[in-house]
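Start at 1 and go down the list; that is how both ligands and their atoms are numbered. Positions are given from 1 along the sequence.
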Amino acid sequence: MKERGITTITLKKINKEKVYQYIYRKKITSKQQIVQELQMGLSTVSQNLNVLEQEGLIERKGNFDSTGGRKAQAIQIVPDVKIAIGVGILKDMFHIAAVNLYGEAIRKDTFSIPYRNTEEYYQQVTDEIKEFIAQNHYAEDKILGVSIAIQGIISPDGSAVTYGAILNNAEMKLSDYADRLPYPSRLEHDSKAAAYLELWNHNELDSAVVFLLNRNLGGAVITNHCVHQGMSMHSGTLEHMCINHEGPLCYCGNRGCLETYCSANALEAAAAMPVRDFFEKLRTEKSPAFSQIWKDYLEHLAFAMKNLNMVVDSPIIISGYLAPYFAEEDILYLLDCINHSAPFQMNREQILVGTHGQYTPAIGAALFYVEEFIRKEVI
Ligand SMILES: [Zn+2]
């Protein structure tokens, strides 16, 4: 008797989740469509829709056009019934993004507070996160969690940073944030967070190499539709690939890492001006000096892309801060450089460009909680 009771409850839950998942995937649908596609009885579907609506998970909004009879009601999920918060910590600033259940950044903000490994800093960041949530009128139970993207390698158990040469934050712990926040929270390596967002936006990809062109360079490898972590969590750190062993000194202590040629910092140093001004001058003034700096940059990038394509035969995703500055002619130039002396040619479709700029790691980090919620709701 007892067992049967549990089975019935489980079945009810499965049906509810199936209906929610279907609506989530379709984005907009009708009761009739759910009945047909899920091959579920009309009364079961109606019952589940009522429950989901009462729980605030779905809404019925507007009607489909109909050729006769009653118009079908349009059903969709409520994308902001839950919100995940993503934070991107950088040396001189941090970003906060509020992400809905479709992975869209619905609010974002930047705070010019430089990183310091002090109690005051962690207090300041967590206060700003709470203020951001309050200002946007998100109730506490709406927040799925706060996911913090860090420039540094995170320990496999997620509790601390194990390598943090940029921010000198190898002492940073999850508890520095978690103890001050009334929400679940977690740390994420910023490059991997960026890769989650790119994977989310390119769901069709099985594999990819992600170049995170941020102030500091980052990277990630996607295989089997997953971001590859590695034995000690440093898979995809293409920023420390050596491309010239006599090159400039990298913050890691070695010479000629890709970081020293292809990070936004390296580009700014070469141009002796902020990135925004550089591109403005490059595109409008078309001076040979600026063109040369940009060509050098693209050639170094292409060198790394060509070599990595030999390791992972997949599309390449250009992501992060510099990505929105890439024009079609830049992609074609990259391809020319890649294919100039490669045994295997890459084509235009293999180079993808991300669109979220400097917010990419923050948004990508937040997706962890979105996916967790959707999985819980739908599996
Ligand atoms: Zn290095």
Under the side chain to side chain contact (heavy atoms under 4.5 Å, CB included) rule, what do K192 and V210 come out as? Steps first, then yes or no, please. CA-CA 9 Å; K192 301 214 166 64; V210 180; over 6 Å; no
Test log, rule salt bridge (Lys or Arg N to Asp or Glu O under 4.0 Å), inputs E55 and K16: CA-CA 12 Å; E55 291 175 1; K16 181 186 141 196; 3.0 Å; yes
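Y261 pairs by the ring-ring contact (aromatic ring centres under 6.0 Å, His included) definition with H300, not counting sequence neighbours. Listed by chain and residue number, nothing satisfies the side chain to side chain contact (heavy atoms under 4.5 Å, CB included) test with S43 (two or more places apart in sequence, or in another chain).
Note on the Zn ion (ligand 1): protein N/O/S atoms under 2.8 Å are H240 ND1, C250 SG, C252 SG, C257 SG.
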When the side chains of residues 180-187 are checked against the rest of the protein, which donor-acceptor pairs come out under 3.5 Å, sequence neighbours left out?
unit_1, atom_1, unit_2, atom_2, d
R180, NE, Q123, OE1, 2.9
R180, NH1, D176, O, 2.6
R180, NH2, E119, OE1, 2.6
R186, NH1, S147, OG, 2.7
R186, NH1, E188, OE1, 3.4
R186, NH2, E188, OE1, 2.6

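Within 6.0 Å of CD in E171 there are 12 or fewer heavy atoms belonging to other residues, nucleotides or ligands.
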